Amino acid sequence: MDKFEIIIIGGGHAGVEAAFACARLNKKSCLITNSLSDIGKMSCNPAIGGIGKSHLVKEIDAMGGLMGIAADFAGIHFRVLNASKGAAVRATRSQSDRVLYSNKVKDIINSEHLLTVVNCEVSEVLLSNDEAHGVKLTNGETIHSKKVILTAGTFLNGKLFTGEEEQEGGRIGDKPSKKLADFLLSLDLKSGRLKTGTPPRIAARTVNWAVTKEQPSDFPRPTMSFVTNDRVHPKQMSCYITRTNTRTHEIIMEGIEKSPMFSGKIEGLGPRYCPSIEDKIHRFSDKDSHQIFIEPEGLTSKEIYPNGISTSMPKQIQQRMVNSIQGFEEAVITKYGYAVEYDFFDPRELNHTLETKKIKNLYFAGQINGTTGYEEAAAQGLVAGINASLTIDEKQPWVPKREESYIGVLIDDLVTLGTKEPYRMFTSRAEHRLLLREDNADQRLSPIAKKLGLINDKRWMNFNKKLEDIEKEKERLKNFKLSPYQINKLHKKSKAKRQTGVSAFELLKRPEITYEDLCEILNISPEKSEIALDVTTNQKYSGYIQRQKKEIKKVKKNENALIPEQIDFNQIEGLSNESKQKLSLVKPKTLAHAQRIPGLTPAAISLLLVHIKKKSLQKDNVA
């Protein structure tokens, strides 16, 4: 077979994003998958986005990726989460039609003339002097390349568990990658086992919808991509809500010893923030009810996805558990829930480019690095694809920074700290989340994407038009000076002191006054929503934004400051007990390393810096 510049192993969310990035950077690439029909498949929940995750999707989109576009073309239900909270933690979530999503991904991949798709299984990576130079297929063929990107998902030595039943597989109906897993385990790489799971699927016709709570799509509908609009969305469907109850919990607890999680059959840890229903009930025994989102699987699907009852309990218990829930009394299970246990490799053995430290030209991306979720996988695929391409051209790698993107937070957390459980992105993981909103992802990353060659001239022109419109709207609001009458009218909403000669732009800073209020009182037409949102957010949070920028500058100035080996973190005044415990556990060597510890606040970093400087000064005085 022809030689390629880059080979991508795996057609999941990490693989397709890596392949698409390579193709856009003009690299002759080969995507190898066990099943052509499974490219872009949503193995678990048919949804994209959510808290922290939508930030990743928007950033992937700003870098020219495909996930946001596919989500918009397949989205049958859209909601903005945390809509009543601050802009930094708002998130978009789209429920997808499984078939439409996968088809859109395939269309995008197939449109790239430099990308070849091969339907086969990889048995090993070709190595020479600790450098990767291609792959060997199970049919005996070899394909050579300059770079190899491995995105194996949950398929490496994958095992499926339903009660005491156990079978090999990466997901139901698909065999695992045993030969490749065995080959990787023979290398000098640290590995472990992790676990994820899925709920049972239920026949939609057997649900009593009348006793559930309907949750329609938001209107106006948001989009996941900066380059689409709601006109590309297919027909919208509602989601519904029900809850578990004390009888549900009793059924689960009666048979909990038959769960492979509690019987000891499963060794790997599952995702802390998306536990199975049996784990949830065991850990939160004080709660007598848990919410379940009843989500459609697609426009033509006859199944629903009960989000919230992921389980690996025996089939009989699953059926009883489901039938105990309001609305599911007569529900028929079409597919039973199961847990998946699989191999992963310690991401601390990767560079920030996602190239392995021990094997040159070999990149890991996705769940192989210990993450969970489509969005986290896609973000890693993007980074691996970009960096594999850049090194071929002998260009500087792209290492996203923590202060510029959630992708940077994700990569840095994995590579610096590693993970013992499936890593999921949250807004709380970002120290400077007010600067990293989902609505400004294009402003943060599109200039980088343009410089790297990932987006075309038309998209760049549209992006610059948006920036011009933002500036024009600011100027328009600055030029409107409100009359005493208008001020008095607004004063009914605002508790701030009445002033005359104040511009509309200045008044927008007040929390009680909205952009819509100003447009109404000035009798002017509002700008389109994305422009209004940007102007409003940056004005209302201007003080906090400036403060975060100063914090970033301060930490960057001192990020290489060494932390003494003999330091006792418990002696630092003002540090919370949680911060002391985290610092004592990780034992960071530099301030930059300490900053990357999840949950360690900027205030804690400042206290640490003061302590280091104080000790250094005392040492100098003694000397």
Side-chain angles (χ1 to χ4, degrees), residues 4-10 13-27 29 31 56 59-60 62-65 125 127 129-135 145-152 184 187-190 344-371 375-419 423 425 444-445 448-449 451-454 559 592-593 596:
F4 293 90
E5 291 177 284
I6 302 173
I7 290 173
I8 302 97
I9 305 170
H13 301 278
V16 296
E17 211 66 69
F20 189 46
C22 294
R24 281 179 289 137
L25 291 173
N26 299 312
K27 297 293 166 284
S29 306
L31 175 66
L56 290 172
E59 290 176 357
I60 292 166
M63 295 295 292
V125 177
L127 301 177
N129 298 321
D130 292 328
E131 290 189 20
H133 58 86
V135 299
S145 65
K146 295 179 180 178
K147 307 284 178 181
V148 176
I149 301 173
L150 180 53
T151 69
L184 291 171
L187 303 177
D188 185 25
L189 300 171
K190 292 179 183 176
F344 85 105
F345 290 85
D346 191 338
R348 289 175 295 184
E349 296 199 316
L350 301 174
N351 294 311
H352 278 76
T353 59
L354 296 186
E355 183 180 27
T356 59
K357 292 176 180 177
K358 293 177 180 175
I359 302 172
K360 194 176 179 182
N361 302 328
L362 178 62
Y363 297 74
F364 284 179
Q367 286 181 277
I368 191 173
N369 292 336
T371 60
E375 302 83 358
E376 290 86 348
Q380 293 171 73
L382 174 80
V383 172
I386 289 172
N387 284 311
S389 301
L390 290 175
T391 52
I392 288 174
D393 293 336
E394 297 183 349
K395 292 181 179 178
Q396 286 295 312
W398 178 56
V399 177
K401 301 180 182 67
R402 295 184 72 92
E403 66 268 19
E404 76 182 6
S405 67
Y406 274 86
I407 298 176
V409 173
L410 167 70
I411 301 298
D412 194 52
D413 278 355
L414 290 173
V415 172
T416 306
L417 302 170
T419 185
Y423 178 103
M425 180 52 69
R444 292 184 277 113
L445 296 179
I448 295 171
K451 186 177 179 181
L452 294 175
L454 288 160
E559 63 183 359
H593 188 185
R596 295 176 189 125

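The structure presented is a predicted model; accordingly, all values stated were derived computationally and were not measured.
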Quick one: does Thr151's side chain have a donor or acceptor within less than 3.5 Å of a partner on Gly366's backbone?
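Side chain of Thr151 to backbone of Gly366, a donor-acceptor pair under 3.5 Å: no, none is there.
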Qualifying residues under side chain to side chain donor-acceptor pair (under 3.5 Å), relative to [X], sequence neighbours excluded:
X      : result
Asp412 : His352, Arg402, Thr416, Arg596
Thr371 : Gln380
Asp346 : Arg348

With the side chain counted from C-beta on, respond yes when Leu187 and Phe345 share a heavy-atom pair under 4.5 Å apart, and no when they do not.
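A side-chain contact is absent here, since even the closest heavy-atom pair is not under 4.5 Å.
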Going by heavy atoms in the side chains, are Phe364 and Leu362 under 4.5 Å from each other?
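Side-chain contact under 4.5 Å: yes.
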Nearest non-hydrogen partners of [X] and [Y], listed with the distance:
X      : Y      : result
Glu404 : Ile448 : OE1-CD1, 3.8 Å
Ser389 : Cys22  : OG-CA, 3.5 Å
Ala132 : Leu127 : CA-CD2, 3.7 Å
Ala23  : Ser29  : N-OG, 4.5 Å
Leu445 : Ala62  : CB-CB, 4.0 Å
Leu31  : Gly15  : CD1-O, 4.1 Å

Which salt bridge (Lys or Arg N to Asp or Glu O under 4.0 Å) pairs, counting each pair once, include a residue from residues 379-393, with sequence neighbours left out?
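Listed once each, the pairs are Lys27-Asp393.
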Under the salt bridge (charged side-chain N to carboxylate O under 4.0 Å, His left out) test, residues paired with [X] that sit two or more places apart:
X      : answer
Glu5   : none
Glu349 : Lys358
Glu59  : Arg444

Quick test of your reading: applying ring pair (Phe, Tyr, Trp, His ring centres under 6.0 Å), list the pairs with at least one residue in residues 375-403, sequence neighbours left out, ordered by first then second residue.
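Sorted result for residues 375-403: empty, none.
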Those residues that, when tested against [X], pass side chain to side chain contact (heavy atoms under 4.5 Å, CB included) (two or more places apart):
X      : answer
Ala379 : Leu56, Ile60, Ile407, Leu410
Thr391 : Lys147, Tyr363
Ala152 : Leu150, Leu156
Asn351 : Thr353, Glu355, Lys357

Please assess Glu376 against Asn369 for the test side chain to side chain contact (heavy atoms under 4.5 Å, CB included), listing each intermediate value before the final yes or no.
CA-CA 10 Å; Glu376 290 86 348; Asn369 292 336; over 6 Å; no
Evaluation steps, side chain to side chain contact (heavy atoms under 4.5 Å, CB included), between Val148 and Val135
CA-CA 8 Å; Val148 176; Val135 299; 4.2 Å; yes
